[in-house]
J.: 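Got a structure for you, questions after.
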Amino acid sequence: MTFSRRNFLIAAAVAAGGSMALSACSSGNAGGSDGGTSDPNAATEYTGATVKVGTAKDSVGPAPETEGAVKGGTIYAVSEDDFSHLDPQRIYYALNASVAQLYARGLTGYQVDATGHMTLVGDLATDTGTASADNKTWTFTLKDGLKWEDGSELTVEDVRHGIERAWAPFVTEGAAYVQQALTGKGDWRKGYEGPYGGKHLDSIVTDKAKKTITFKLVEARPDFNFTLAMHSYCAAPVKHDTKEKYDKQPFSCGPYIVKHRAIDKSMTMTRNKHWAPEKDPIRSAYPDTFEFEFGPTSLASADRFIADQGKDQQMVSIAKAIPAERMQKVLGDPELKKRTFNGLLTGTYYYTINCRRVTDVDVRKALNIAWPLEQIRKIYGGPSAGDYATTILSPDILGREKFDLYGKLKKPQGDPQAAKALLKKAGKLGQKIVYTYPNSPTYDKTAVVVESALKRAGFTPVIKPVESTSYYDQIQQTDNSFDVMWFGWSPDWPTAYTMMQPVFDSSNIGNGQNNVSQVNVSWVDEAIRKTVAISDQKKAGADWAALDKRLMDEVVPIIPETYQRRYYLFGSKVGGAMIDPQFSATLLYKAYVKA
C-alpha cells in the first residue's frame with residue numbers, strides 16, 4: 001500500500017509458534033532522533049516499545065475503554081482525497097486502510113492502547129493462531145456468533161473467500177505475501193483464477209463444523225499471523241460478493257456500514273446493528289456516525305481546525321498533517337497545541353527511480369547527489385517535519401546501519417557540480433528526467449525546487465503531476481512514462497523483510513505491484529530469500545543492513561528523502577484523538593464526541 005503501511009518493526013527473535021517481540025514507533029513526546037529536531041515536544045525518538053503477541057484472553061472483546069469516552073454523536077472527518085478503494089482485497093494504501101478498520105475484519109489485528117502500544121490479537125479468530133513446528137502449517141478457529149451487516153453468519157468459507165479473491169483478475173492492488181507463501185511462486189497467479197469458477201485452493205482447508213481454517217504453506221512463515229492482519233486478507237462474504245462493484249459498496253462485519261457515498265465528495269457511515277462489541281477486542285466505535293468530506297486542501301482544513309466553528313469542532317483529519325504554512329502558528333499557540341497529536345513514522349519517504357527507463361547507474365547516483373533535500377524539507381515545515389534520510393531502512397529497524405553514500409548530510413541542498421561531473425563522465429549531460437508526484441499544493445512547491453536542482457545538475461527535467469486519488473494506480477503500471485516518482489514505504493508487519501521484499505524483489509514487478517523501481521537483479525532476490533529464512537533476528541538485521549547499503553551503492557533504485565513525523569489538529573469537541581501506529585493517520589475508531 002505504498003506509504004505508509006504498518007509503522008513498526010521487528011526487534012527480537014522469532015520463536016516457534018510465531019511469538020515475537022517488536023519495536024514500535026513513538027506516539028508521544030520524547031528525546032532526540034537520527035537527525036535531531038527543533039521542537040522538544042515532538043515525538044522524535046524511536047522508542048523500542050514492545051509490541052507483543054496476545055493470548056486468547058486478549059482476543060476477547062470488548063476493546064479496552066478510553067478514559068472519559070462517551071458513545072454517540074457524529075465525527076466529521078476531512079480528507080483532500082477520496083478513498084481510492086474500499087474493497088479490502090484491493091487495499092494497500094494507508095488512507096484506504098485507515099477507514100477499512102471501521103468495516104473490515106481479518107483473522108488477526110492490532111489492539112492499540114492509549115499510549116500507542118500494540119498487541120497482536122485474534123480479531124475474527126479466537127487467538128493469534130497455532131503453527132506447526134516447522135511454521136508451514138497455521139490453524140485458526142473462528143469466534144462464535146460473528147455476523148455480517150444483514151445478520152447472516154460470518155463463516156470460515158467467508159474468510160477463505162477473502163483470501164482466494166486475491167487471485168481474481170480485477171484485484172491487482174493488494175498485498176502478495178500470503179499468495180507467495182501458499183504457492184512458493186513469484187508468479188503465484190498461474191494455475192488459479194480465483195474462487196468464481198467454483199474451485200478452491202488445496203492449500204487452504206476449512207472445517208465448518210469446527211470453525212477452523214488451516215493454511216498449508218510452501219514456505220515457512222513464523223510471522224504468518226502478522227501477515228493475516230493486513231486488510232488484503234480480510235473476510236469477504238461469499239453470498240454478497242459483487243466482484244468489481246464490491247469496491248464501491250463493501251459488506252461490513254465491523255462496527256460501521258457504508259450508508260451513502262458520493263465519489264470525491266462525501267461518504268456517510270452509520271452503526272452496524274449486527275456488530276457485537278463483546279466479540280471485537282480492537283474497535284471501540286464510540287460515534288454513531290462518521291461523515292467524511294473530500295476535497296479541502298490540508299491548508300484549508302487546517303484553517304477550519306484553527307477557527308473551530310460549528311461542526312468543525314467535531315472534526316478530525318484522516319491522514320493530512322498540519323501543513324508547513326500553519327505549523328509555527330499552531331505549535332506557537334498553547335491553546336491550539338493542546339488540540340494536536342503527533343507521531344514519528346518508522347518508514348522512509350523517498351523517490352523511486354524507474355530502473356527500466358533510467359538504466360545507467362551513474363545517472364541514478366547523480367540524481368541522489370543533486371536532489372534538494374534541504375529545500376524540500378523547508379517546504380514540509382523544517383526540522384519538525386522529519387530528519388534527512390540516506391538509507392532505505394529507517395532508524396528503528398534492528399541492525400540498521402547509518403550511512404551516507406552521496407554526502408546528503410553534508411550537503412542536503414544538493415551538489416549540482418558533483419552531479420554534473422558524474423553525468424558528464426557517463427556521457428549523459430542533458431538527459432531528460434520525467435518527474436511525477438501526487439498533485440497537491442505542497443508537492444507542487446517541491447516540484448519547483450526539484451526542477452531547479454535538476455537543471456543546475458545538467459539534467460533536462462520534465463514535470464508531470466498526477467491526480468492524487470489515482471496516483472498509485474498510475475505509477476504502478478509497468479509501462480508508465482515516469483523516470484522518478486514520489487513514493488515511500490513502511491513495513492507491512494513487524495519485520496524488515498516487508499521493507500525490502502515488496503519494493504525490490506523482481507517477483508513484485510507487475511501492474512498494481514510495488515516494485516515500482518522495477519529492480520530485477522538476481523543477487524537482490526537471492527539476498528531477500530536467504531535473509532528472511534534466518535531465525536536469529538540479530539544476524540538477520542545485520543544482513544538486511546548490508547543489503548540496504550549494497551542496494552544503494554550498486555543498484556541505486558531510490559532517492560531517500562526523510563524519516564518523517566506528523567502533527568495533526570482536531571476539533572475542540574473531539575476526544576480520544578491519537579495517531580494510528582499502523583497507518584500514521586488518525587485512529588478513527590478511538591475518537592469520540594465530547595459530552
J.: Between Ile528 and Trp544, what is the shortest heavy-atom contact and its length?
T.: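 Closest pair (atom of Ile528, atom of Trp544, distance): O-CH2, 3.9 Å.
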
J.: Suppose we screen for ring-ring contact (aromatic ring centres under 6.0 Å, His included). Which residues come up paired with Phe403, at least two apart in sequence or across chains?
T.: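 Expected list: none.
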
J.: Checking Ser517 against Thr352: is there a side-chain donor and acceptor pair closer than 3.5 Å?
T.: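 Checked: Thr352/Ser517 side chains pair up, N/O donor to acceptor below 3.5 Å.
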
J.: May I have all residue pairs that pass side-chain hydrogen bond (donor to acceptor under 3.5 Å, both in side chains) and include part of residues 403-412, sequence neighbours excluded?
T.: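 For residues 403-412: Lys411-Asp415.
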
J.: Say whether Gln101 and Asp580, considering side chains only, have a donor N or O and an acceptor N or O under 3.5 Å apart.
T.: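 Gln101 vs Asp580: donor-acceptor pair found between side chains.
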
J.: Between Tyr196 and Lys243, is there a cation-pi geometry (under 6.0 Å to ring centre, at most 45° from the normal)?
T.: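 Relative to the ring axis of Tyr196, which defines the angle, Lys243 lies inside both limits.
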
J.: If you measure only the distance, is there a donor-acceptor pair under 3.5 Å linking the side chains of Asn508 and Gln501?
T.: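 A donor-acceptor contact under 3.5 Å links the two side chains.
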
J.: Could you tell me whether the side chain of Ser507 and the main chain of Gly186 form a donor-acceptor pair under 3.5 Å?
T.: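 Answer holds: no.
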
J.: Going by the rule ring-ring contact (aromatic ring centres under 6.0 Å, His included), which residues pair with Tyr437 if we only count those two or more places apart in sequence or in a different chain?
T.: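 With sequence neighbours excluded, Tyr437 shows a ring-ring contact (aromatic ring centres under 6.0 Å, His included) to Tyr435, given in chain and number order.
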
J.: Does Asp202 have more than 12 heavy atoms from other residues, nucleotides or ligands lying within 6.0 Å of its CG?
T.: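 Open: at most 12 neighbouring heavy atoms sit under 6.0 Å from CG of Asp202.
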
J.: Does any N or O in the side chain of Glu164 come within less than 3.5 Å of the main-chain N or O of Leu201, such that one atom is a donor and the other an acceptor?
T.: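 Checked: pair present.
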
J.: Report the distance from atom CG of Leu107 to atom CG of Leu124, rounding to the nearest 0.5 Å.
T.: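 One gets 6.0 Å once the value is rounded to the nearest 0.5 Å.
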
J.: Salt bridge or not between Arg550 and Asp553? Use side-chain N to carboxylate O under 4.0 Å.
T.: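 Asp553 and Arg550: not salt-bridged.
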
J.: Quiz question: by atom type and distance under 3.5 Å, do the side chains of Asn514 and Gln476 form a donor-acceptor pair?
T.: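 Judged by distance alone, the side chains do pair up.
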
J.: Among residues at least two apart in sequence or on other chains, which ones pass side chain to side chain contact (heavy atoms under 4.5 Å, CB included) with Asp479?
T.: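 Residues passing side chain to side chain contact (heavy atoms under 4.5 Å, CB included) with Asp479: Gln477.
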
J.: Restricting to side-chain hydrogen bond (donor to acceptor under 3.5 Å, both in side chains), what partner residues turn up for Arg456, sequence neighbours left out?
T.: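 Testing Arg456 for side-chain hydrogen bond (donor to acceptor under 3.5 Å, both in side chains), a comparison that skips the adjacent residues, returns none.
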
J.: With no hydrogens and no angle check, is any side-chain donor or acceptor of Thr139 less than 3.5 Å from a backbone partner on Thr214?
T.: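 A pair under 3.5 Å: no.
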
J.: Please name all residues satisfying side-chain hydrogen bond (donor to acceptor under 3.5 Å, both in side chains) with Glu80, sequence neighbours left out, ordered by chain then number.
T.: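 Glu80: no side-chain hydrogen bond (donor to acceptor under 3.5 Å, both in side chains) contacts found.
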
J.: Under the ring-ring contact (aromatic ring centres under 6.0 Å, His included) test, which residues partner Trp188, sequence neighbours left out?
T.: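 Trp188 satisfies ring-ring contact (aromatic ring centres under 6.0 Å, His included) with Trp167 once adjacent residues are dropped.
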
J.: For the residue pair Gln431 and Ile433, establish whether any side-chain heavy-atom pair is separated by less than 4.5 Å.
T.: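 A side-chain contact under 4.5 Å exists here.
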
J.: Is there a donor-acceptor pair under 3.5 Å between the side chain of Arg105 and the backbone N or O of Asp123?
T.: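 Yes, the answer is positive, given that a donor and an acceptor are paired below the 3.5 Å cut-off.
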
J.: Would you please say whether a donor-acceptor pair under 3.5 Å links the side chains of Ser506 and Asp525?
T.: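 Yes, because at least one side-chain N or O of Ser506 sits under 3.5 Å from a partner of the opposite role on Asp525.
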
J.: Could I get the full list of side chain to side chain contact (heavy atoms under 4.5 Å, CB included) partners for Asp543, not counting sequence neighbours?
T.: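 In terms of side chain to side chain contact (heavy atoms under 4.5 Å, CB included), with neighbours along the sequence ignored, Asp543 is linked to Thr531, Ile534, Lys539.
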
J.: With Glu193, which residues qualify under side-chain hydrogen bond (donor to acceptor under 3.5 Å, both in side chains), at least two apart?
T.: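 None.
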
J.: Tell me, yes or no, whether the heavy-atom count around Glu526 atom CD, taken from other residues, nucleotides or ligands under 6.0 Å, exceeds 12.
T.: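 Not more than 12 within 6.0 Å, no.
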
J.: Please list, chain by chain and in numerical order, all residues satisfying side chain to side chain contact (heavy atoms under 4.5 Å, CB included) with Arg357, sequence neighbours excluded.
T.: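 Applying side chain to side chain contact (heavy atoms under 4.5 Å, CB included) to Arg357 gives Asn354, Val434, Ser481, Asp483.
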
J.: Which heavy atom in Met118 sits nearest to a heavy atom in Gln582, and how many Å separate them?
T.: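 Heavy atoms of Met118 and Gln582 come nearest at CE-CG, 3.5 Å.
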
J.: In terms of ring plane angle, is the pair Phe215 and Phe140 parallel, tilted or perpendicular, where the classes change at 30° and 60°?
T.: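 Rings of Phe215 and Phe140: perpendicular, over 60°.
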
J.: Side chains of Thr562 and Arg377: any donor to acceptor distance under 3.5 Å?
T.: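 Per modelled atom types, Arg377 and Thr562 side chains form no pair under 3.5 Å.
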
J.: In chain order, what residues pass the side chain to side chain contact (heavy atoms under 4.5 Å, CB included) check against Lys248, with sequence neighbours excluded?
T.: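 Arg261, Ile263.
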
J.: Taking all non-hydrogen atoms of both residues into account, name the closest pair between Thr128 and Gly122 and its distance.
T.: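 Here Thr128 and Gly122 meet closest at CG2-N, 3.9 Å.
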
J.: Any chance you could measure Leu95, atom CG, to Asp82, atom CG, to the nearest 0.5 Å?
T.: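 One gets 8.5 Å once the value is rounded to the nearest 0.5 Å.
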
J.: Cation-pi between Arg165 and Tyr246: NZ/CZ under 6.0 Å from ring centre and within 45° of the ring axis?
T.: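 The answer is yes, since Arg165 meets both limits relative to Tyr246.
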
J.: Please report the shortest heavy-atom distance between Asp247 and Ser84, naming the atom on each side.
T.: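 Closest pair (atom of Asp247, atom of Ser84, distance): OD2-O, 3.9 Å.
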
J.: State which residues pass side-chain hydrogen bond (donor to acceptor under 3.5 Å, both in side chains) with Tyr380; sequence neighbours excluded, sorted by chain then number.
T.: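 If we apply the side-chain hydrogen bond (donor to acceptor under 3.5 Å, both in side chains) test to Tyr380, skipping adjacent residues, the hits are Glu561.
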
J.: Using 30° and 60° as the class limits, which term best fits the ring planes of Trp486 and Tyr443: parallel, tilted or perpendicular?
T.: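 Aromatic pair Trp486/Tyr443 classed tilted.
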
J.: What distance separates Asn439 CG from Glu467 CD, expressed to the nearest 0.5 Å?
T.: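 Result: 8.0 Å between the selected atoms.
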
J.: If you take all heavy atoms of Gln179 and Ala166, which pair is closest and at what distance?
T.: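 The pair with the smallest heavy-atom distance is NE2-CB, 3.4 Å.
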
J.: Between the side chains of Asp81 and Ser468, does any donor sit under 3.5 Å from an acceptor?
T.: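 Checked: Asp81/Ser468 side chains pair up, N/O donor to acceptor below 3.5 Å.
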
J.: Report the C-alpha distance between Phe487 and Tyr351 in whole Å, list the side-chain angles of each, state the deciding distance to 0.1 Å, and finish with yes or no for ring-ring contact (aromatic ring centres under 6.0 Å, His included).
T.: CA-CA 5 Å; Phe487 206 64; Tyr351 304 83; over 10 Å; no

J.: Looking only at non-hydrogen atoms, find the nearest pair between Phe583 and Ala94 and report the distance.
T.: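 Scanning both residues, the minimum pair turns out to be O-CB, 3.8 Å.
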
J.: Sub-3.5 Å donor-acceptor pair from the side chain of Asn135 to the main-chain atoms of Arg221, do we have one?
T.: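 A pair under 3.5 Å: no.
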
J.: Walk me through it: do Thr391 and Arg400 pass the test side-chain hydrogen bond (donor to acceptor under 3.5 Å, both in side chains)?
T.: CA-CA 9 Å; Thr391 62; Arg400 181 260 190 180; 3.3 Å; yes

